[in-house]
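Below is one structure; the comments refer to it alone.
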Amino acid sequence: MNVLRLFNTLTKRVEAFEPRDPERVTFYTCGPTVYDDAHIGNFRSFLAADVLRRFIESPMCVLAEEPGHRSGERCHQERCHQERCHQERCHRGPRQVVHVMNITDVGHMTDDADGGENGEDRMAVAGRRLLEAKKAGKLAAGVDVDPKDPRQIARYFEGRFKEDARKLGLKLVMEADQDATLMPRATEHVGGMIKVIERLIARGAAYVVGDVGRRVVYFSVQAFPAYGSLSGNTLDKLREGAGGRVSAENQSGKRHPADFLLWKEDPSHIMKWASPWGEGYPGWHIECSVMSVAGTDARADVGTMVVPDAEPIIDLHSGGEDNIFPHHECEIAQSCCAFNAQPRGATYAKMWFHPRFLLVEGEKMSKSKGNFFTARDLFAKGHEPAAVRLELIKTHYRSNANFTEQGLKDSAARIERWRAYAAFLTKQCVEHADDDPGFTFYLTAEGLGHAIRALCTDLNTARVIAELDSKQSMDVSNVERKYFEHPSNWESDLGEEWRVAHDPSQNGYRRELACLRLLDSVLGVIFTSRQSSESVRDIGLFIGVEPSPEVEAKLRERRDARARKDFAASDRLRDELAAMGYAIKDAKDGKVEVRRK
RNA sequence: GGCCGCGUGCCAGAGUGGUCUAAUGGGGCGGAUUGCAAAUCCGUUGCGCAAGCUUCGUCGGUUCGAAUCCGACCGCGGCCUCCA
């Protein structure tokens, strides 16, 4: 039996993921800081988390169960379709995943990357940039944001982040439109942070230094013996200041050099709140300790909740690899010391999932190298979001994937081939075609099983893509794409798809389509609505491309030229489109297919 | 200096003890098709006419057998107090 196994940063091994309650998995992802647009590296990390949560909640995913778990008996009887499962402790989906991602909108981040102003607040930098954009008239029409108000700046970029994320199919963001508690804002949880800091002080895990007006609360790392277990940076091995980002002034009041900030009294700060330690702002790490609990368990009160010894608080936690230390290390220390009855030996999150950084054209992404892209940069260039999504999830999350323009084109073409296959299968279903004994249903036969095994083995998305590509030996060039737009492709119940996929009495085409939908429920790139409006459908198909009115006009002009066999005009228009970066292909009925060159 | 991840063919990227000259896609080459293209489909793509020989960062080791396990080294990426 294949159960989901993941590389756990905490144990540095690939191991079975065993949530406390397999019917309700809690998952927390460190979210974006909203002082700028998210770039494709940010999104790679968020998309890896999205793929994981989509798989966990799907009927394809089987989870191992802790011995003696409460729901163990029931699932074996009712849910499992696999014979061997009855002998082992496991639980088959579908199941609920409570996925929470915070929005870091507190302006205490310092910008050492491109601000240069040695510790200038990121929100202040963002405000200055916005102000410049506003003066230059570069701000989009209808946007009214006051560059002096950090809350407005944060809301502005939060809105843009959600817009990009929706296009890229981040399920969590779409859910958060219905339930805002799934994307909590740090600024709205400062009260909880203060409560947790008070608890930490009361338990001797934190201390206050400095005179009134300049008070600072630090977490005492020596209060938590397990400090260092996630990153390997144990207290005896840490070398103070090796990262070159600590100032002597900040270190002077600490009992131990690794102690970190929980609260800083600073009435002059750009964003500030009242607290028992004066007006000021919270440390960076404390927000996630609070929001991971508040988001995944709405009933919990961070001021009073007590977790029994060694019991995890959440099942799964993700974030970029740069968060491993110090952020996640500190989060563990805070949460265990604040919430666990016995911090020693406690577990905050059971499984830690850290996607690695993305390279672009073989190099580290940086603004100075010119290989720095935000998601919206790519959308603006006409790349379809689904292609960007596939390009970002196609490589194993734990390797340094290389994002390339060529790869983006490949991804767009790949998606279109899959869509053509979906259109073909849909056509056969709609027309109630009989099974063709000469046709190989490669997914139904074994591809689905291979793909599921790959996902169970540390979320191997590349292998899933290979399964979707392989053994597909049919000419998809002549399939009428209108079948892809068939309403049945846009609403499907995954539990039902799973049943159909495993029901031998069903039509082969129907079963194959069910397999395709199941796999795409994880990848999220095939059955996504294209941006194309009704008005452009009569011209043709936009492959990995967002149509623009300008392109549309040229295509119409060219279609008319071809109708009257004016090939000179037709070729001239094709060249013009090529110069704009579009490749076109003539298809049936005077239609064209448009892609990126 | 410490801790962690990764290193596969022209490119991207699977493969974690034998069925591996190594999945899959791209690119290249040949063919079908096309107003010309593009796309699509078929074949081919380490060397050799062949029996056969040789690849998976490098060097060693374990094993009957290694891309796969172990060690060292080299390279890339991340972190060492607030960049996914």
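Note that the coordinates shown come from a computational prediction; the quantities given were computed from them, not determined experimentally. In what follows, every chain begins at residue 1, and chains take the letters A, B, ... in the order their sequences are listed.
Residue-to-nucleotide proximity on RNA chain B shows that, of A/G362 and A/R463, the 5′-proximal contact is made by A/R463. Residue A/R558 is the one, among A/R558 and A/C330, whose nearest nucleotide of RNA chain B lies closer to the 5' end (criterion: closest heavy atom).
Distance check on atom C1': B/G77 versus B/A66 gives 27 Å, rounded to whole Å. Rounded to whole Å, the separation between the P atoms of B/U45 and B/U24 comes to 13 Å. With C1' as the reference atom, B/C79 and B/C69 are 28 Å apart, rounded to whole Å. Distance noted for atom C1' between B/G18 and B/G25: 28 Å (whole Å). B/C70 and B/G17: their P atoms are spaced 12 Å apart (whole Å). A distance of about 15 Å separates the P atoms of B/A37 and B/G28, rounded to the whole Å. Across B/G48 and B/U55, the matching C1' atoms stand 15 Å from one another, rounded to whole Å. A gap of 15 Å separates the C1' atoms of B/U16 and B/G7, to the nearest Å.
Of the listed nucleotides (B/G5, B/G77, B/G35), B/G5 has the atom at the smallest distance from the side chain of A/K12. Nearest nucleotide to the side chain of A/N233, out of B/C79, B/G25, B/C82: B/C79. Checking B/C83, B/G77, B/U81 against the side-chain heavy atoms of A/L359 singles out B/G77 as nearest. Of the candidates B/C6, B/G25, B/G77, the closest approach to any side-chain atom of A/N400 belongs to B/G77. Listed nucleotides: B/A14, B/U81, B/C36. Nearest to the side chain of A/D571: B/C36. With B/G77, B/G2, B/C82 as the candidates, the nucleotide lying closest to the side chain of A/W284 is B/C82. Closest contact between the side chain of A/D322 and the listed nucleotides B/G78, B/G13, B/C36 involves B/G78. In this structure, of B/G26, B/G35, B/C79, it is B/C79 that holds the atom nearest to the side chain of A/P326.
In the model, A/S220 has no side-chain atom that pairs as donor or acceptor with a side-chain atom of A/H256 under 3.5 Å.
Using a 4.0 Å heavy-atom cutoff across all strands shown, A/T404 reaches no nucleic acid atom at all. Residue contacts shown for A/Q406 are limited to sugar-phosphate atoms, with no base heavy atom under 4.0 Å away. Counting any heavy atom pair closer than 4.0 Å across all strands shown, A/A401 reaches sugar-phosphate atoms only and no base atom. Here A/H396 lies in heavy-atom contact (under 4.0 Å) with sugar-phosphate atoms only. Within the 4.0 angstrom heavy-atom criterion, no nucleotide atom of any strand lies near A/F161. A/F46 comes within 4.0 angstrom of nothing in the nucleic acid, heavy atoms only. Using a 4.0 Å heavy-atom criterion, one finds that A/M365 contacts the bases of the nucleic acid, with or without backbone contacts as well. Within the 4.0 angstrom heavy-atom criterion, no nucleotide atom of any strand lies near A/G407.
Atom CD in A/E331 sits roughly 17 Å away from atom P in B/C82 (whole-Å rounding). The interatomic distance linking A/H269 (NE2) with B/C82 (P) rounds to 14 Å, in whole Å. Spacing between atom CZ of A/R44 and atom C1' of B/G78 amounts to 12 Å, rounded to whole angstrom units. Distance, A/R356 CZ to B/C76 C1': 13 Å, rounded to whole Å. Between A/N460 atom CG and B/U24 atom C1' the separation is 12 Å, expressed in whole Å. For A/I324 and B/G5, the CD1 to P distance is 9 Å, given to the nearest whole Å. Taking atom CD1 of residue A/I584 and atom C1' of nucleotide B/A37, one finds them 9 Å apart after rounding to whole Å. A/K394 has its NZ atom 12 Å from the P atom of B/G26, to the nearest Å.
In this structure, A/F567 packs face-to-face on the six-membered ring of B/G35, meeting both the 5.5 Å centre cutoff and the 30° plane limit.
The side chain of A/S231 contributes no N or O atom lying less than 4.0 Å from OP1 or OP2 of B/C3. Residue A/K364 places at least one side-chain N or O under 4.0 Å from the OP1 or OP2 atom of B/G78. The side chain of A/R574 contributes no N or O atom lying less than 4.0 Å from OP1 or OP2 of B/G35. An OP1 or OP2 oxygen of B/G78 is reached within less than 4.0 angstrom by no side-chain nitrogen or oxygen of A/N323. Between A/R398 and B/G5, a side-chain N or O to OP1/OP2 separation shorter than 4.0 Å is absent.
Annotation: salt bridge (Lys or Arg N to Asp or Glu O under 4.0 Å) contacts involving residues 218-232 of chain A, sequence neighbours excluded, are absent.
For A/D571, the side chain to side chain contact (heavy atoms under 4.5 Å, CB included) partners at least two apart in sequence or on another chain are A/R574. For A/H327, there are no side chain to side chain donor-acceptor pair (under 3.5 Å) partners, not counting sequence neighbours. In terms of the side chain to side chain contact (heavy atoms under 4.5 Å, CB included) criterion, residue partners of A/T444 (sequence neighbours excluded) are, by chain and number, A/F441, A/R511, A/E512, A/C515. With sequence neighbours left out, A/R558 forms a side chain to side chain donor-acceptor pair (under 3.5 Å) with A/S570, A/D586.
Considering only heavy atoms from C-beta on, A/R5 stays 4.5 Å or farther from A/R13 through its side chain. In this structure the side chain of A/D322 reaches within 4.5 angstrom of the side chain of A/F357, judged on heavy atoms.
Of the possible donor and acceptor atoms, one in the side chain of A/N42 sits under 3.5 Å from a partner among the backbone N and O of A/H39.
A parallel orientation is assigned to the rings of A/F161 and A/F43, their planes being inclined by less than 30° (bins at 30° and 60°).
Relative to the ring axis of A/F403, A/R44 does not place its NZ or CZ within 45° and under 6.0 Å from the centre.
Taking a pair as Watson-Crick or G-U wobble with both distances under 3.5 Å, RNA chain B forms stems of 3 or more consecutive pairs at B:1-7 with B:74-80, B:10-12 with B:24-26, B:27-32 with B:40-45, B:57-61 with B:69-73.
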